[in-house]
There are 2 protein chains.
Amino acid sequence: MQITRPTPIVEQVDSLLRDRIRAEYYLPGGRLPSETELAEELGVSRATIRTVLARMAVEGLILRKQGDGTYVNQHIRAINTHSGGMWDFTRLIASSGYQPTIREISLSIRPADDQEAEILSVEAGDPLLSIVRLFSADGRPAILAKNVIPGYLLKVSPDQVDGRLQIGDLLARCCHQKIAYTLTDISSMTTTPDAIELLNLPAGSSLLVLQVTFFNRNNHPIVHGRSYFNDSLLQLRLVQAWGAH
Amino acid sequence: MQITRPTPIVEQVDSLLRDRIRAEYYLPGGRLPSETELAEELGVSRATIRTVLARMAVEGLILRKQGDGTYVNQHIRAINTHSGGMWDFTRLIASSGYQPTIREISLSIRPADDQEAEILSVEAGDPLLSIVRLFSADGRPAILAKNVIPGYLLKVSPDQVDGRLQIGDLLARCCHQKIAYTLTDISSMTTTPDAIELLNLPAGSSLLVLQVTFFNRNNHPIVHGRSYFNDSLLQLRLVQAWGAH
DNA sequence: TAGTGGTCTAGACCACCCT
DNA sequence: GGGTGGTCTAGACCACTAC
């Protein structure tokens, strides 16, 4: 049995409002109750309501108009846009309307090369846990994801690592580490030999490459990943509120 | 003379703290004063300080540790990552350490094709203002940006449009429109003929393509853009806080 | 145990939009 | 004018971390 703390009110309100939007209790393009009304209905202060609405506005889920009201953004169907969601490839595939499957290609301990050592702040040759996975959408290979984790972080034996976990859960389970933030470089490339084979792409076609480094709250790099993204099959979509800064 | 309103305290505090971080008044990796101290120093409430710090934490600029303190993230050098910043190519190039220049390739009124009509909610054949620009970094062509704006939005004559403005400013100036949020699809492609020529790339190389639609607060599409990004020259980098949701 | 950030409240006033 | 979101304050209590 897991000990659970009372969920913060903000989180509860957040879930509730998102559920209502998803269930179209608040219609797409329709207006939400005023902040005051929501606060009264849910028995919380207006400030609490406002932090939740501010979060949803940043994601573009709702549109706020001073002097008028708050509206559901009908252009945002799936919400795969924010934070953890972007690297949860299973969810990303599902929200694109496909059936996701994960295939573990390999999981092994191997020495770090120079570049990996630099990125992960370890010495070249130090052991790394290397995980290569292939995510498919309706059976068609869509994303080839390669991740490396410094070996010293591993708290369990490699064969106990579940390659089907999302990277955040895997880190929590096997390394007792929490991700604080991620740094992503987006680039493109023409296919590499293994990408051609695993993603089943014609030679010479282009691919999206997402190069991600995950840091914990002590600002230490804990995972480095390269994901090869078949963008003819899946769409990488970002939503950004403009006024946010 | 432009009428100006008093800048909100939150914005002032935001600028002040970012300036201090940039100037290394707060050292990279170093600790900021506590929320209470900052509130006292600047003569504002703790809540005000907290909304600013929350914003900076979402961008990954600072790391917050409960029971400990708030720290400057030394891994974040340039802040081109958020909101408007991402589409301000001039700033993006500058923050990558290059000297940016803009060249206007063309600026004309032309009819909308089917796809553009669909995206911009107009009829095919309706007039569009089409702007093609080339952004260079240290003289080397880096980004080819094509934008189209529904003609009915234009409040000035086309030859009065300044092709060197950032897209948000251009909309404000020429269309009296404000951007509320943007929707971006990121994909890759092998070079098109005009990209080869303008971006000076070898045939068969890959490009990043950013397909952006800008909406106003009434949720009407007001601009659609395609930007071809020479990612061997410039890096498209995202920072995301993890706990944000 | 002291100090930090995290959560939450209650209430005030302002700016804006609609009618 | 009446209602909406935008800004800001003062203060309370909790949870976590370092010492």
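Proteins get letters first, then strands, A, B, ... in listed order; numbering begins at 1 in each. The model shown is predicted, which means the values in this text are computed figures rather than measured ones.
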Worksheet entry | Contact list for residues 214-227 of chain B, test side chain to side chain donor-acceptor pair (under 3.5 Å), sequence neighbours left out | A:Lys65-B:Asn218, A:Asn73-B:Asn219, A:Gln74-B:Asn219, A:His75-B:Asn219, B:Gln115-B:Arg226, B:Gln177-B:Asn216, B:Tyr181-B:Asn219, B:Thr213-B:His224
Worksheet item: Hey, which of these two, A:Gly69 or A:Arg50, hits DNA chain D nearer its 5' end, going by closest nucleotide?
Response: A:Gly69
Worksheet item: How long is the line joining CD1 of A:Ile9 and P of D:dC14, in whole Å?
Response: 13 Å
Worksheet item: Would you call A:Arg18 and A:Asp14 a side-chain contact if the rule is heavy atoms closer than 4.5 Å?
Response: yes
Fill in: Whole angstrom value for the distance that separates C1' of C:dG5 from CD of B:Gln66
5 Å
Practice prompt. Can you sort out the partners of A:Ser187 under side-chain contact (heavy atoms from CB on, under 4.5 Å), two or more places apart, ordered by chain and number?
Written response: A:Val209, B:Asp231
Response to the item:
Stems with DNA chain C, 3 or more Watson-Crick or G-U pairs in a row (under 3.5 Å), are C:1-18 with D:1-18
Worksheet item: Picking from D:dT7, C:dT9, C:dG6, which would you name as closest to the side chain of A:Thr48?
Response: C:dT9
Item to complete: May I ask you to test the A:Ile149-A:Leu128 pair for a side-chain heavy-atom distance under 4.5 Å?
Response: no
Less than 3.5 Å apart, which donor and acceptor atoms pair up between the side chains of residues 37-47 of chain B and the rest of the protein, not counting sequence neighbours?
unit_1  : atom_1 : unit_2  : atom_2 : d
B:Glu37 : OE1    : B:Ser34 : N      : 3.0
B:Glu41 : OE1    : B:Arg20 : NH1    : 3.4
B:Glu41 : OE2    : B:Arg20 : NH1    : 3.3
B:Glu41 : OE2    : B:Arg20 : NH2    : 2.7
B:Ser45 : OG     : B:Ala47 : N      : 3.4
B:Ser45 : OG     : B:Thr48 : N      : 3.4
B:Ser45 : OG     : B:Thr48 : OG1    : 3.2
B:Arg46 : NE     : B:Glu35 : OE1    : 2.7
B:Arg46 : NH2    : B:Glu35 : OE1    : 2.9

Worksheet item: Starting at CG of A:Asp14 and ending at C1' of C:dG6, how long is that distance when rounded to a whole Å?
Response: 16 Å
Worksheet item: If you check the B:Asp68 side chain, which of C:dA10, D:dA10, D:dT17 turns out closest?
Response: D:dT17
Worksheet item: Do B:Val122 and B:Tyr152 touch side chain to side chain, with heavy atoms closer than 4.5 Å?
Response: yes
Fill in: Contact list for residues 150-168 of chain A, test salt bridge (charged side-chain N to carboxylate O under 4.0 Å, His left out), sequence neighbours left out
none
Discussion item. If I take atom CD1 in residue A:Ile49 and atom C1' in nucleotide C:dT7, what distance separates them, rounded to the nearest angstrom?
Written reply: 14 Å
Worksheet item: Counting just side-chain N and O atoms, does A:Thr70 come under 4.0 Å of either OP1 or OP2 of D:dG5?
Response: yes
Worksheet item: How close or far is atom P of D:dT9 from atom CZ of B:Arg46, stated in whole angstroms?
Response: 14 Å
Practice prompt. Would you sort out whether A:Leu170 and A:Asn147 count as a side-chain contact (heavy atoms from CB on, under 4.5 Å), showing the intermediate values?
Written response: CA-CA 11 Å; A:Leu170 193 148; A:Asn147 287 285; over 6 Å; no
Practice prompt. Specify the residue among B:Leu53 and A:Val10 whose closest nucleotide of DNA chain C lies further upstream toward the 5′ end.
Written response: B:Leu53
Worksheet item: Tell me: CG of B:Leu63 to C1' of C:dT4, nearest whole Å?
Response: 15 Å
Fill in: Pairwise 5' ranking along DNA chain C for B:Arg64 and B:Gly67, keeping only the more 5' one
B:Gly67
Discussion item. Can you confirm whether B:Asp19 is buried at CG, in the sense that more than 12 heavy atoms of other residues, nucleotides or ligands lie under 6.0 Å from that atom?
Written reply: yes
Fill in: Length of the NZ-P vector between A:Lys65 and D:dG6, whole Å
12 Å
Worksheet item: Near DNA chain C, which residues from residues 30-40 of chain A have a heavy atom under 4.0 Å away?
Response: none
Worksheet item: B:Leu42 has an atom CG; how far is it from atom P of D:dC8, in whole Å?
Response: 13 Å
Practice prompt. Could you check if a side-chain atom of A:Leu129 sits within less than 4.5 angstrom of a side-chain atom of A:Arg110, using non-hydrogen atoms only?
Written response: no
Fill in: A:Arg217, nearest nucleotide to its side chain (from D:dT17, C:dC17, D:dT9)
D:dT17
